[in-house]
2 protein chains.
Amino acid sequence: MTQRAFRLDHFLPYLLNQAAERTGSKFEQVYRDTYGLTRTRWRVISHLGTLGDMTAAAISRSSHTEKTKVSRAVAALEAEGLVLRVPSTVDRRTELLQLTDAGRSLFVSLSAEADRFDQELRTALGTDIAARLEQTLRQLAVDALPKLPDK
Amino acid sequence: MTQRAFRLDHFLPYLLNQAAERTGSKFEQVYRDTYGLTRTRWRVISHLGTLGDMTAAAISRSSHTEKTKVSRAVAALEAEGLVLRVPSTVDRRTELLQLTDAGRSLFVSLSAEADRFDQELRTALGTDIAARLEQTLRQLAVDALPKLPDK
DNA sequence: ATTGAAATGTTGCATATGCAACGGATAACC
DNA sequence: GGTTATCCGTTGCATATGCAACATTTCAAT
């Protein structure tokens with residue numbers, strides 16, 4: 001019974017969390033200090049910027065973010081004049097969200113910085129390793145994860 | 001001026017966050033539902049379990065967790081009788097934290113589940129890919145990240 | 001048609017979090 | 001030695017978050 005001892009620093013969920021936290025908070029400095037955005041607000045902006053106009057529920061599903069978190073971020077962004085709500089005529093429960101001119105202009109500059117940051121990351125890791133990382137992460141993020149171990 | 005458009009779903013910090021969030025919340029079900037632990041409490045337990053007795057500040061540094069977050073987790077764990085504080089005689093600012101018998105027993109069962117979860121993850125990804133992922137994540141989590149792009 | 005189930009977005013409330021400030025203790029420095 | 005800076009752990013407070021509940025609207029089933 002050579003029982004391999006549990007090692008936190010080899011536990012993938014922990015390593016994923018650490019890597020995400022460090023990388024994310026590093027880039028967070030950009031949109032926080034320079035643009036006064038929170039993470040969820042940046043997430044909403046970047047969704048609208050890259051995926052086009054969409055509803056809050058769609059953003060919530062696409063980003064696996066609590067719908068109430070999205071709702072509050074949208075409210076703030078609307079108050080700041082960065083996002084516009086267009087009530088749908090077909091489904092009166094929903095409203096389509098779209099960037100205002102100010103919102104789009106913010107997205108353009110911020111996404112340029114994001115691109116640069118991403119490039120630096122990939123260069124530091126090595127482009128081939130970064131590409132493999134991206135593929136594996138997408139698998140973890142999107143595809144089905146293993147079921148929880150049955151006890 | 002073929003400007004490559006920013007794509008959120010190719011942005012490494014975003015993918016890292018998504019993968020970490022999904023993986024982490026999946027395993028969180030285990031320690032939350034079965035053992036009533038929060039993520040930070042599990043983090044403290046697993047640090048003490050794998051790295052031995054240490055101070056709150058050491059846990060904070062090792063896990064890149066706010067010291068106030070650690071402080072509160074420790075207070076809760078102490079109240080639940082899972083962690084013991086041993087004031088240091090040499091440095092009277094610090095207190096060494098250690099698992100009680102109950103705490104160690106909890107760690108033993110929980111780390112066994114963590115091992116199983118990790119194994120399932122690695123099997124799902126493929127063991128070689130998982131090993132490469134681990135190495136890359138450690139690099140991102142521990143090593144220096146690229147400086148923020150100069151504007 | 002009608003009834004029941006599900007989706008959308010918001011709010012209330014309890015809890016979690018981040019940040020600054022604090023008291024106490026040690027370290028650094030001159 | 002004495003002064004200053006730094007470290008440890010805690011607390012106060014403002015904000016963020018998660019979860020349940022809600023009103024409204026659409027969808028499903030019969």
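Letters A, B, ... mirror the listed sequences (proteins, then strands); counts begin at 1. Everything quoted here is computed from the prediction, not taken from an experiment.
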Smallest separation among heavy atoms of [X] and [Y], with atom names:
X       : Y        : value
A:Ala19 : B:Ala141 : N-CB, 3.8 Å
B:Ser46 : B:Phe107 : CA-CE1, 3.9 Å
B:Ala56 : B:Leu97  : N-CD1, 3.8 Å

* What residues form a side chain to side chain contact (heavy atoms under 4.5 Å, CB included) with B:Ser109, not counting sequence neighbours? ->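 Partners of B:Ser109 under the side chain to side chain contact (heavy atoms under 4.5 Å, CB included) test: B:Tyr35.
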* Neighbour count above 12 (heavy atom, 6.0 Å) for A:Asp33 CG ->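 It does: A:Asp33 CG has more than 12 such atoms within range.
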* CG/A:Asp128: more than 12 non-hydrogen atoms of other groups inside 6.0 Å -> yes
Does any N or O in the side chain of [X] come within less than 3.5 Å of the main-chain N or O of [Y], such that one atom is a donor and the other an acceptor?
X        : Y        : answer
B:Ser111 : B:Val108 : yes
A:Thr123 : A:Gln119 : yes
B:Thr55  : B:Leu96  : no
B:Gln18  : A:Ser63  : yes

* Any A:Ser71 side-chain N or O less than 4.0 Å from OP1/OP2 of C:dG9 ->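 For C:dG9, neither OP1 nor OP2 has a side-chain N or O of A:Ser71 closer than 4.0 Å.
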* Between D:dG18 and B:Arg32, is there an OP1 or OP2 to side-chain N/O distance shorter than 4.0 Å? ->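 No, because none of the side-chain N or O atoms of B:Arg32 sits under 4.0 Å from OP1 or OP2 of D:dG18.
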* To do: Pick base, sugar-phosphate or nothing for B:Arg39, based on heavy-atom distances below 4.0 Å to the nucleic acid.
  => nothing
* Among side-chain atoms of B:Ser62 and B:His47, is any donor-acceptor pair under 3.5 angstrom? ->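 Looking only at side-chain atoms, B:His47 and B:Ser62 do form a donor-acceptor pair, the distance falling under 3.5 Å.
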* Candidate pair B:Glu134 and B:Asp118, rule side chain to side chain contact (heavy atoms under 4.5 Å, CB included), full reasoning -> CA-CA 11 Å; B:Glu134 178 181 339; B:Asp118 200 59; over 6 Å; no
* Asked: Does any residue of residues 75-84 of chain A have a heavy atom under 4.0 Å from DNA chain C, and if so, which ones, in number order?
  ->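 DNA chain C contact set from residues 75-84 of chain A: none.
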Separation of [N] [atom2] from [X] [atom1] (nearest whole Å):
X       : N      : atom1 : atom2 : result
B:Glu66 : D:dT10 : CD    : C1'   : 14 Å
A:Gln29 : C:dG18 : CD    : P     : 15 Å
A:Lys67 : D:dT17 : NZ    : P     : 17 Å
A:Leu97 : C:dT8  : CG    : P     : 13 Å
B:His64 : C:dT17 : NE2   : C1'   : 19 Å
A:Glu95 : D:dT24 : CD    : P     : 15 Å

* In chain order, what residues pass the salt bridge (charged side-chain N to carboxylate O under 4.0 Å, His left out) check against B:Glu95, with sequence neighbours excluded? ->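 Salt bridge (charged side-chain N to carboxylate O under 4.0 Å, His left out) list for B:Glu95, sorted by chain: B:Arg85.
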Show each protein N/O and nucleotides 12-16 of chain D N/O combination with a separation under 3.5 Å, one pair to a line.
unit_1 : atom_1 : unit_2  : atom_2 : d
D:dG12 : O6     : B:Arg72 : NH2    : 3.1

* To do: Give the ring-plane orientation class for B:Phe27 versus B:Phe117, where under 30° counts as parallel, over 60° as perpendicular and anything between as tilted.
  =>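 Ring orientation of B:Phe27 relative to B:Phe117: tilted.
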* To the nearest 10 degrees, what angle separates the axes at the start and end of the helix from C:dA1-D:dT30 to C:dC30-D:dG1, five pairs each? ->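 The angle, to the nearest 10 degrees, is 40°.
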Could I get a table of every N or O pair under 3.5 Å where one atom is in the protein and the other is in nucleotides 26-28 of chain D?
unit_1 : atom_1 : unit_2  : atom_2 : d
D:dT26 : OP1    : A:Val90 : O      : 3.4
D:dT26 : OP1    : A:Arg92 : N      : 2.9

